[in-house]
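Below you'll find the structure, written out as C-alpha cells, and then a few comments.
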Amino acid sequence: MAKANTEFPPGPSSKFSPKLLRQLTTDPIRTLSEFNQKYGEIVHFKIGRGHIYLINNPNHIEKILIYNHKNFKKGKRLQTAKRLLGEGLVTSEGSKHDNQRKIIHPLFLPKRITSYGQIVVDKASVMSERWGDGATVDIHKEMMNVTLKIICKSIMNYEIDSEEAAKFSSALEFSKKYFKRLQHPIGHILDHFEILPEVSKSRESIKILDSIVYRLISERKKSKSVIDRVESNLLTGQEDDLLSRLLQAQSSTENNSEDDLEYQKKSQRVGSLVTPNSMTDQQIRDNIITMLIAGHETTSNAITWTYYLVSQFPEIEQKMFEEIDMILLKSEDSGKKVYRNPTVNDLPKFKYIERIFREAMRIYPPVWSIGRLVDEEYVIDKYVIPKGSSIIMSQYVMQHDGRYYDNPDEFNPDRWTDEFKRHLPRFSYFPFGGGIRGCIGESFAWQEGILMMATVSSHWKLELVPNQNIKMDPGITLNPKNGIKMRLRMRSNGEKLH
Ligand code: HEM
C-alpha cells in the first residue's frame, strides 16, 4: 500500500476510476500511448487498490530490467499465465529461474541456432509448395502453423503433424482468450464455476495441451537408449535437445536448491510423476509448454505483421524482391525464374529484409509491454514506488515515441542506418526485452524471420485482401484480431521451391 505522504507522479487520477478501467480493458495501447503524451516519463494511475506506474524513459527502463532487476518480480498478467505455463522459464523467479535458464541456454548458443536454419527453410518450403496461385490464406494461421512445426523440430527434434499442430493451436487459442477474460475484475470469481461452459472448456484446452506434452515426455522416456546416454552424458548434438536436457536435469540431484524442493512439494498436482530429489515431470512439462508457446507465437506475429506492412508499400516490396533476386536467383529464361533456397550463410546479405523485419517489430512489437511487480520499495527520480506496486514498460509506447523516431507511425525500413542505431537509446527499441529476463530466443527469432521471408517471397507476392477490418488484439502478445487474409500471387511462372 502507498504511504500517505507519498507524492504520486502525474497521471489520469490517483483514485480508481471505472472509466479508466474500461479504457484500459478495451484499448490499452491507445490509452497508455495517450498517457505518455499527456503526462510524461513516469505516469501513475490506479486500478482497484493497485497502484500502477507506466515508465516511458529508456534509462529508467534499463535500470529496471538490467541493473536493479532483483528488485522486481514478473507482472500480474504473467502470474495469471502460470495457470497455463506453470513455473517454466518465462514465469519462474529467483534461483528456480536461473537454474532453468542454465539448463536451456546451451540450445541457444550461436552454433546451435545456425543448425536450426535449415529447418526453417525446409518447413517454409513445404508450406509454400502447398500454396496455389490466386488462393486466399489467413497468413496469421499459416504462420502459427509453420512456426509451431519449426520450434518443435528445432528444439525438441519432434515432427508435429498438421493435425496435431491444429489441435495444439486451437487449444492454445482458447486458453489465451480465457486468460484474457481472467484479467477482468470478476474473472477470477467466475473461474471457480466449472459449470460455466467457458470455464470447463478452458480446463479442457489445458488438458489437450498437457496430453500432447506428457505423451512426448513419456515417449522419450521409453526410448531407453537415449535415457542411458542422457545419464552418461554421451549425447550427440542432434539428440541434445530440450527434452533430453530436462530429463538429464531430472536424473541429476545437483540442481536441488531449497527452492527446487519447495517447487517439487508444490508441484505434486495434475498427474505429475515426482521422482524424489529431482526435477518433476510437471516441471519438465512447464518448460516444454513454455518454450513451444514463447517460441512460436511471437515469431508468427512478427512475420504476419511484417507481411501486412510490406503488402501496403509496393516500393518497399519491390526493393525486397530485388534483394532476394540478387542473392537467390539462379537463372532466368523467358520470364521463368529459378531460385535456390536461402541458407544461414546468406543471412548477412539480406540487409534490406533485416531492416524491414526490424521496422515491423518497431511498429507492431510482438510483445507489446512488459510488466513487473515491485518487490522492495523503489526510487525513480523523486518518486518512491511502494512495494507491491505494478510497473508497465511498453515497447509499443516507446517505439512510437516521436522523441526517438521521426514520423513514428510511418513504416520506413530505411530509417535503420548504422548511424541511427548508434544514437538510439538502448531501451527506446526493445522488442526482446533485456537483461537476465530478456528473450532467450532472440537470435533464433531474427534468423527465423529473415529466412522465412526470403524463402516465401522468392516465390510469392502476398496481396492484402481489401475491405478487411485489421485490428490489433493486445494480449500478452500482439495478435491481429481477426487474422489477416492475403491473396497469393506467384511471382513468376518459375519453378516452385525444391
Ligand atoms: C519475434 C520474436 C520474439 C519476441 C518479440 C520475443 C520477446 C520476448 C520478450 C520481450 C521477453 C521478455 C519478457 C519479460 O521480460 O517479461 C521474452 C522472453 C522469453 N522469450 Fe522471447 N520473443 C521472441 C521469440 C522467442 C523465441 C523464438 C523463443 C524460443 C525459442 C523465445 C523464448 C523466450 C523465453 C523462454 C523467454 C523468458 C526468458 C527468461 O525469463 O529467462 N522467444 N521474449
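In each ligand, atom 1 is the first atom listed, and ligand 1 is the first ligand listed.
- Both the backbone and the side chain of Cys439 come within 4.0 Å of ligand 1, counting heavy atoms alone.
- In summary, the side chains of Asn341 and Gln118 do not present any donor paired with an acceptor at a separation below 3.5 Å, with no hydrogens or angles considered.
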Quiz item: Could you walk me through whether Glu323 and Lys319 pass the salt bridge (charged side-chain N to carboxylate O under 4.0 Å, His left out) check?
Solution: CA-CA 6 Å; Glu323 180 174 85; Lys319 247 173 109 174; over 6 Å; no
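- Taking atom 38 (C) of ligand 1 as the reference point, the nearest protein heavy-atom neighbour is Arg101 NH1, 3.4 Å.
- In summary, the atoms of ligand 1 found under 4.0 Å from a heavy atom of Leu89, numbered by their order in the structure, are 35 (C), 39 (C), 40 (O), 41 (O).
- The distance criterion of under 3.5 Å between nitrogen or oxygen atoms is not met by Thr299 with respect to ligand 1.
- Contact annotation for His296 and ligand 1: no heavy atom of the residue comes within less than 4.0 Å of the ligand.
- For a threshold of 3.5 Å applied to N or O pairs, the pair formed by Arg372 and ligand 1 contains at least one separation below that value.
- The residue from Gly295, Ser369, Ser300 that puts a heavy atom closest to atom 28 (C) of ligand 1 is Gly295.
- Within ligand 1, counting atoms from 1 as listed, the ones closer than 4.0 Å to a heavy atom of Met361 are 1 (C).
- For an aromatic pair to be called close, the ring centres must be under 6.0 Å apart, and Tyr307 with Trp460 fails this.
- By the criterion of a heavy-atom distance under 4.0 Å, both the backbone and the side chain of Arg437 are placed next to ligand 1.
- Considering only non-hydrogen protein atoms, atom 24 (C) of ligand 1 sits nearest to Thr298 OG1, 3.2 Å.
- Without hydrogens or angle criteria, Lys387 side chain to Asp375 main chain gives a donor-acceptor distance under 3.5 Å.
- Contact atoms of ligand 1 toward Gln395: 10 (C) (distance under 4.0 Å to a heavy atom of the residue).
- With ligand atoms numbered from 1 in the order given, ligand 1 contributes 14 (C), 15 (O), 16 (O) to contacts under 4.0 Å with heavy atoms of Ile370.
- Contact annotation for Ile151 and ligand 1: only side-chain heavy atoms (C-beta onward) come within less than 4.0 Å of the ligand.
- The distance criterion of under 3.5 Å between nitrogen or oxygen atoms is not met by Thr290 with respect to ligand 1.
- At least one heavy atom of His97 sits less than 4.0 Å from an atom of ligand 1.
- For Asp346 (side chain) and Lys349 (main-chain N/O), no donor-acceptor pair under 3.5 Å exists by modelled atom type.
- Shown are Lys82, Lys74, Lys96; of these, the salt bridge (charged side-chain N to carboxylate O under 4.0 Å, His left out) with Glu87 is made only by Lys82.
- The protein atom (non-hydrogen) at minimum distance from atom 36 (C) of ligand 1 is Val90 CG2, 3.7 Å.
- Surrounding CZ of Arg30 are at most 12 heavy atoms belonging to other residues, nucleotides or ligands under 6.0 Å away.
- Phe108 counts as a contact of ligand 1, since one of its heavy atoms falls under 4.0 Å from the ligand.
- Checked by distance only, ligand 1 and Lys74 come closer than 3.5 Å through their nitrogen or oxygen atoms.
- Of the listed residues (Pro431, Gly433, Ala294), the one carrying the non-hydrogen atom nearest atom 7 (C) of ligand 1 is Pro431.
- Residue Gln312 places its CD atom among more than 12 non-hydrogen atoms of other residues, nucleotides or ligands, all under 6.0 Å distant.
- Between Arg426 and Pro58 the shortest side-chain heavy-atom distance does not fall below 4.5 Å.
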Practice problem: Would you sort out whether Tyr53 and Tyr383 count as a ring pair (Phe, Tyr, Trp, His ring centres under 6.0 Å), showing the intermediate values? | Solution: CA-CA 11 Å; Tyr53 294 77; Tyr383 301 111; 8.0 Å; no
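- Within ligand 1, the atoms closer than 4.0 Å to a non-hydrogen atom of Gly438 are 38 (C), numbered from 1 in the order shown.
- Scanning all heavy atoms of the two residues, the minimum distance from Leu78 to Thr91 falls at O-CG2, 3.5 Å.
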Exercise. Could you check Gln283 against Gln100 for side chain to side chain donor-acceptor pair (under 3.5 Å), going step by step and ending with a plain yes or no?
Key: CA-CA 10 Å; Gln283 200 176 343; Gln100 294 184 144; 3.0 Å; yes
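- Residue Asp210 is tested with Arg285, Arg215, Arg83 for a salt bridge (charged side-chain N to carboxylate O under 4.0 Å, His left out); the sole match is Arg285.
- The residue from Phe444, Phe430, Phe432 that puts a heavy atom closest to atom 4 (C) of ligand 1 is Phe432.
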